[in-house]
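Below is one structure, written out as structure tokens; comments come after it.
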Amino acid sequence: MSDQLEQTILRLATRPLGLVNAGWSLLDANAALRRCLGVEASRPLTSMPDWLGHRWPLDPDYIARSPADCAIDIPQVGRLCCRGQINRSDNEPAFLMELHSPLRFKAHPASFNHSDWRTLQLTKSLEQERGRFRATFEEAPLGICHVLPDGSFLRVNRTFCDITGYSEVELLRRTFRDITHADDLAADMAHIELMLAGSIRRYTLNKRYLRRDGTFVWAELTVSLVRTPDGRPSYFIAMIEDISERIRTEERLRLAAKVYEHMCEGVFIADRQLNLLSVNPAFAQMTGFCEADCRGLSLTMLLSERQPPNFFQTLSEQLHEWGTWQGDVWFSQRSGRTFPAWLSISGTRGQSGEWAHYVGVFSDISLLKQNEAQLYQLAHHDPLTAIPNRLLLQSRLEHAINLSQRQRKTIALVFIDLDDFKTINDTHGHLAGDQVLITVAQRLSNRLRSGDTVARLGGDEFVILVENTPDEFDMLPFITSLLDCIREPIAYKDGVSLTVSASVGVSLYPHHGEDAVSLIDSADRAMLEVKQAGKNAPAFSRGRD
Ligand SMILES: Nc1nc2c(ncn2[C@@H]2O[C@H](COP(=O)(O)OP(=O)(O)OP(=O)(O)O)[C@@H](O)[C@H]2O)c(=O)[nH]1
């Protein structure tokens with residue numbers, strides 16, 4: 001810009017404009033600025049080299065700042081804006097300054113000659129009012145900014161600076177578009193168009209501002225437009241609230257709702273009395289009861305009567321005390337069927353610290369129970385005959401011994417070994433031998449009273465545990481009937497009939513052994529004596545050696 005052009009601009013401008021050098025010395029001033037400063041046209045500007053500092057005490061930070069960075073409000077001066085650097089013929093850097101707030105200058109004692117007392121009073125109260133508005137703008141807990149129709153920021157407050165992470169000077173050099181997330185710009189622009197066209201008076205939208213550190217912040221933006229008296233757009237007023245936390249919470253809730261909807265486990269929310277408030281789709285699928293069916297129903301109504309006595313009372317007490325409970329339960333379905341479930345309940349506290357709600361999560365463990373039962377069956381039963389094996393016999397025998405010690409009752413152990421069983425295998429084949437073993441197991445089982453156990457120890461050996469036996473003489477008819485039923489012919493294929501006899505040894509607790517192993521051993525030895533004596537007969541143990 002030539003010196004001549006620069007002087008023309010200064011002369012023609014009606015706003016207070018001046019030129020300052022990098023050290024803030026006033027190089028030139030137009031008539032408006034001279035009026036503000038109270039400097040007559042004839043007086044040379046060189047007479048006031050430190051015009052700002054001389055007349056108004058300045059913030060030291062501000063003085064340290066170069067005019068190039070200046071676009072801020074200075075409490076004692078008003079608003080100074082740098083409108084650009086001027087290339088002067090002497091090559092010394094100079095800056096075109098604009099001064100807002102001529103009123104203030106008129107009110108200053110230095111220009112008191114230009115005002116009468118009433119003007120001064122009026123100006124003072126206007127200044128106070130203006131101070132209050134400025135404080136409201138500056139200290140508002142909401143981000144506030146004034147934006148020119150071209151999108152550049154005219155004024156921004158501290159909260160908006162905090163929200164975006166930019167300083168005021170940095171923002172005043174930018175447009176709102178520069179700091180709007182690309183995905184949110186179109187919506188913002190569309191609203192602005194409507195507002196400029198006069199179709200809407202204000203709009204609110206959630207958008208993301210790009211922060212100085214490269215992150216973005218969610219904000220709720222409310223915008224209105226200030227027009228000039230002749231209706232032309234002057235500037236937008238934008239209020240910005242940081243809603244990142246709200247958005248994060250909403251996202252968490254949406255995610256939680258999705259999880260709730262799509263979980264494979266049944267979920268219910270209940271009040272503190274365990275009345276159901278809400279259930280998820282998996283709950284409805286598993287029980288057959290939808291949310292409308294069970295809202296308000298007590299959890300007890302959905303649990304089957306297969307629960308142990310006092311179950312619900314214990315559960316409620318534990319929940320009220322600890323806020324959590326977990327364990328096996330039986331749920332009732334709408335069809336009347338019941339299914340086992342693993343249920344875990346935990347409480348959430350209300351404002352007062354009391355348990356307010358309980359959230360229950362359960363999964364159908366029918367399959368698990370079936371597998372468990374199968375595993376138990378496999379581990380405790382003989383696969384060929386399906387009767388208990390040695391492991392289960394031992395455990396029942398130990399349990400019976402414990403009981404007998406307390407109740408002083410006798411236990412009898414009957415050891416059965418089939419006679420010449422190998423011959424059946426050798427003569428008719430292994431399958432025939434299997435058939436004999438299965439049939440003998442069935443016949444023995446049929447002879448037992450409930451509470452007694454028949455087990456296959458392996459090979460052709462069976463043991464019967466008879467609990468609550470008064471004395472050995474009462475056993476004889478029973479054992480004789482066992483031998484009889486074993487000897488009955490066994491029909492095999494092609495009309496072949498198989499017969500087998502057995503040798504039997506009997507031991508009694510506590511007379512012939514004090515634990516499971518010694519009792520079985522005694523009965524085994526009694527049976528072996530029968531074998532040696534010719535087989536096909538019973539014998540009682542003769543006691544410990
Ligand atoms: N079919 C079949 N045979 C089995 C099974 N387990 C063992 N055995 C056979 O059962 C026979 C048991 O024979 P032993 O008890 O030793 O002899 P035994 O022929 O019964 O003669 P004594 O006991 O002296 O009367 C053996 O030949 C085994 O191979 C089985 O699950 N099925």
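Residues: numbered from 1 along the sequence shown. Numbering of ligands and ligand atoms starts at 1, following listing order.
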### Task
Decide ring-ring contact (aromatic ring centres under 6.0 Å, His included) for Phe311 and Trp325; before the verdict, give the C-alpha distance in whole Å, the side-chain angles of both, and the deciding distance to 0.1 Å.
CA-CA 12 Å; Phe311 166 80; Trp325 182 91; 5.6 Å; yes

### Message
Going by salt bridge (Lys or Arg N to Asp or Glu O under 4.0 Å), name the residues that satisfy it together with Arg208, two or more places apart in sequence or in a different chain.
### Response
Asp184

### Task
Identify, chain by chain and in numerical order, each protein residue with a heavy atom under 4.0 Å from an atom of ligand 1.
Asp417, Leu418, Asp419, Asp420, Phe421, Lys422, Asn425, His430, Gly433, Asp434, Leu437, Arg456, Gly459, Asp460, Lys531, Lys535

### Message
Check whether Thr453 reaches the backbone of Leu465 with its side chain - one donor and one acceptor, N or O, closer than 3.5 Å.
### Response
no

### Query
Hey, are Asp382 and Arg456 close enough for a salt bridge, meaning a charged N less than 4.0 Å from a carboxylate O?
yes

### Query
Quick check: does any side chain N or O of Asn402 sit under 3.5 Å from a backbone N or O of His399, one acting as donor and the other as acceptor?
no

### Query
Hey, is the main chain of Trp355 close enough, under 3.5 Å, to the side chain of Arg272 for a donor-acceptor pair?
yes

